[in-house]
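The model shown is predicted, which means the values in this text are computed figures rather than measured ones. Residue numbers count from 1 along this sequence.
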Amino acid sequence: MNSLSTSSLAALEEMLQNTARSAPADFMPIHLSRGLEKPQVIGHLNPEFIPYLQDSLKAESIPLITMKNDCLAIQLGRPQALSASLSLLADKMRIGGYVPGWRNEDFAWLDQHGHQCFRLERAAFRTFGFRSMATHINGYTKSGLLWLGRRSETKSTDPGKLDNMAAGGISADETPWVCAKRELWEEAGVPPQIADQVEPIGRIHMRRPIPGRGFHDEQLFIYDLELADQFVPSNHDGEVSGFIQISLAEAAARILADEFTSDAAFVTADYILRRNKSLF
């Protein structure tokens with residue numbers, strides 16, 4: 001399976017036009033307010049979570065956070081104070097079973113100027129629909145094959161699904177570049193002297209509801225990395241169960257057969273289409 005069919009390419013292109021979906025109408029918006037400025041929608045709550053959160057906040061209030069009839073209102077404060085309040089809120093949701101896969105690792109929420117307004121446990125970002133950031137690296141060989149990782153069956157999200165050679169969330173104190181090189185080593189055993197050659201490509205904005213979870217809103221920072229044909233990735237952190245090396249045509253077929261995580265499917269589809277265009 002080495003040639004890409006016209007129908008497969010068309011299906012990938014159509015898929016890439018649907019990366020950012022709107023929140024369902026019954027999801028409650030989360031507003032961030034600053035003084036008299038118009039509130040900004042920064043997240044969305046699954047309607048299944050709302051009764052529990054209403055009861056929790058009635059029993060014990062949290063500074064800077066108010067549950068209203070039509071939204072969850074957050075008052076912008078100093079980053080440390082707002083982070084502390086949101087941490088209390090996330091802990092309430094964890095006790096109720098609405099924040100699975102707690103990692104004890106913080107993500108940061110950045111405003112339009114790139115300023116960090118708050119940091120919060122990464123697992124809670126999907127619960128509240130806050131925008132997070134991640135890096136995804138397409139590892140490819142000089143002969144034109146792609147390396148893909150298969151997620152561990154113990155992962156809390158998408159266990160056993162195909163993923164990019166390396167990918168991961170950008171923690172609160174990282175840049176995308178630093179995260180990309182860290183993930184390359186931890187997930188695929190790529191040494192620093194090779195990881196330094198990673199090529200920044202662009203971003204894909206992912207937005208979609210997660211059944212039973214919340215709302216996934218994430219900026220994916222995409223990188224490409226050319227590897228020698230004799231290089232074989234090896235996992236160091238236990239998050240990848242193994243790797244496969246396949247052609248672009250087989251990768252396209254596996255995307256369309258729903259074998260990938262949603263994020264990796266879009267990143268890989270983008271890579272396939274870019275490579276296909278460069279051949280003509």
Side-chain angles (χ1 to χ4, degrees), residues 1-21 134-153 155 157-169 176 180 183-184 187-190 194 197-211 216 218-235 239-280:
M1 187 186 299
N2 295 314
S3 60
L4 283 156
S5 68
T6 302
S7 60
S8 291
L9 292 171
L12 295 182
E13 288 178 346
E14 182 179 357
M15 188 181 76
L16 280 172
Q17 294 172 6
N18 192 35
T19 60
R21 306 178 198 170
T135 58
H136 283 251
I137 302 97
N138 295 299
Y140 67 97
T141 68
K142 294 179 183 295
S143 59
L145 300 176
L146 264 178
W147 278 109
L148 300 172
R150 187 173 295 282
R151 292 167 69 85
S152 168
E153 293 292 345
K155 293 284 287 183
T157 56
D158 299 319
K161 288 273 193 175
L162 289 176
D163 208 337
N164 298 113
M165 185 181 76
E183 292 290 351
L184 280 167
E187 292 198 344
V190 178
I194 298 178
Q197 300 173 39
V198 71
E199 177 186 2
I201 298 299
R203 288 187 301 180
I204 293 177
H205 188 187
M206 294 289 301
R207 298 181 83 242
R208 68 183 189 279
I210 307 295
H216 178 57
E218 193 160 63
Q219 291 279 4
L220 309 180
F221 289 78
I222 304 170
Y223 295 85
D224 288 350
L225 179 63
E226 183 180 285
L227 300 162
D229 286 341
Q230 65 270 24
F231 178 83
V232 178
S234 58
N235 180 249
E239 296 190 1
V240 180
S241 62
F243 294 90
I244 60 172
Q245 188 184 66
I246 60 177
S247 69
L248 300 191
E250 184 176 350
R254 287 175 180 254
I255 289 171
L256 298 175
D258 196 30
E259 295 184 31
F260 279 70
T261 71
S262 294
D263 290 356
F266 284 108
V267 172
T268 307
D270 172 76
Y271 175 81
I272 292 169
L273 292 171
R274 285 189 285 109
R275 293 289 291 182
N276 186 69
K277 288 176 182 177
S278 70
L279 297 175
F280 297 95

A.B. asks: Just list the side-chain donor-acceptor pairs under 3.5 Å for residues 220-227, sequence neighbours left out, or say none.
C.D. replies:
unit_1	atom_1	unit_2	atom_2	d
Tyr223	OH	Trp177	N	3.3
Asp224	OD1	Asn138	ND2	3.0
Asp224	OD1	Arg274	NH2	3.2
Asp224	OD2	Arg274	NH1	2.9
Asp224	OD2	Arg274	NH2	3.3
Glu226	OE2	Lys142	NZ	2.7

A.B. asks: Treating Glu187 as the side-chain partner and Ala167 as the backbone partner, does any N or O pair qualify as donor plus acceptor under 3.5 Å?
C.D. replies: yes
A.B. asks: How far apart are the C-alpha atoms of Arg150 and Phe243, what are their side-chain angles, what is the distance that settles it, and do they pass the side-chain contact (heavy atoms from CB on, under 4.5 Å) test?
C.D. replies: CA-CA 6 Å; Arg150 187 173 295 282; Phe243 294 90; over 6 Å; no
A.B. asks: Can you check whether Leu4 reaches Leu248 side chain to side chain, under 4.5 Å on heavy atoms?
C.D. replies: yes
A.B. asks: Supply the atom-to-atom distance Glu183 CD to Ile137 CD1, rounded to the nearest 0.5 angstrom.
C.D. replies: 7.0 Å
A.B. asks: For residues Asp163 and Phe260, determine if any side-chain heavy atom of one lies less than 4.5 Å from a side-chain heavy atom of the other.
C.D. replies: no
A.B. asks: Which atom names give the shortest non-hydrogen contact between Gly149 and Val240, and what distance separates them?
C.D. replies: CA-CG1, 4.0 Å
A.B. asks: Would you call Lys155 and Glu239 a salt bridge, using N to O less than 4.0 angstrom?
C.D. replies: yes
A.B. asks: Among Asp270, Thr268, Asn164, Thr261, exactly one meets side chain to side chain donor-acceptor pair (under 3.5 Å) together with His136. Which residue is that?
C.D. replies: Asn164
A.B. asks: If I take atom OG from residue Ser8 and atom CG from residue Asn276, how far apart are they, to the nearest 0.5 angstrom?
C.D. replies: 10.5 Å
A.B. asks: Do Leu145 and Ser247 pass the side-chain contact (heavy atoms from CB on, under 4.5 Å) test, and can you show the C-alpha distance, the side-chain angles, and the key distance before you say yes or no?
C.D. replies: CA-CA 5 Å; Leu145 300 176; Ser247 69; 4.2 Å; yes
A.B. asks: Heavy atoms only: give me the nearest Leu256-Ala11 pair and the separation to one decimal.
C.D. replies: CD2-CB, 3.8 Å
A.B. asks: Should Glu259 and Lys161 count as side-chain neighbours, where that means a heavy-atom distance under 4.5 Å?
C.D. replies: no
A.B. asks: Is Ile255 close to Met15 at the side-chain level, that is, under 4.5 Å between some pair of heavy atoms?
C.D. replies: yes
A.B. asks: Does Ile204 reach the side chain of Glu218, with side-chain heavy atoms less than 4.5 Å apart?
C.D. replies: no
A.B. asks: Looking only at non-hydrogen atoms, find the nearest pair between Ala251 and Ile272 and report the distance.
C.D. replies: CB-CD1, 4.0 Å
A.B. asks: Do Val190 and Pro233 make a side-chain contact, defined as non-hydrogen atoms from C-beta onward lying under 4.5 Å apart?
C.D. replies: no
A.B. asks: Between Thr19 and Arg207, does a side-chain contact (heavy atoms from CB on, under 4.5 Å) hold up when you go through it step by step?
C.D. replies: CA-CA 6 Å; Thr19 60; Arg207 298 181 83 242; over 6 Å; no
A.B. asks: Do the two ring centres, one from Tyr140 and one from Tyr271, sit under 6.0 Å apart?
C.D. replies: yes
A.B. asks: Is there a side-chain contact between Leu162 and Arg254, using heavy atoms and a 4.5 Å cut-off?
C.D. replies: yes
A.B. asks: Compare all side-chain heavy atoms of Arg151 with those of Thr157 and state whether any distance is below 4.5 angstrom.
C.D. replies: yes
A.B. asks: Run the side-chain contact (heavy atoms from CB on, under 4.5 Å) test against Arg21 and tell me which residues pass, sequence neighbours left out.
C.D. replies: Asn18, Arg208
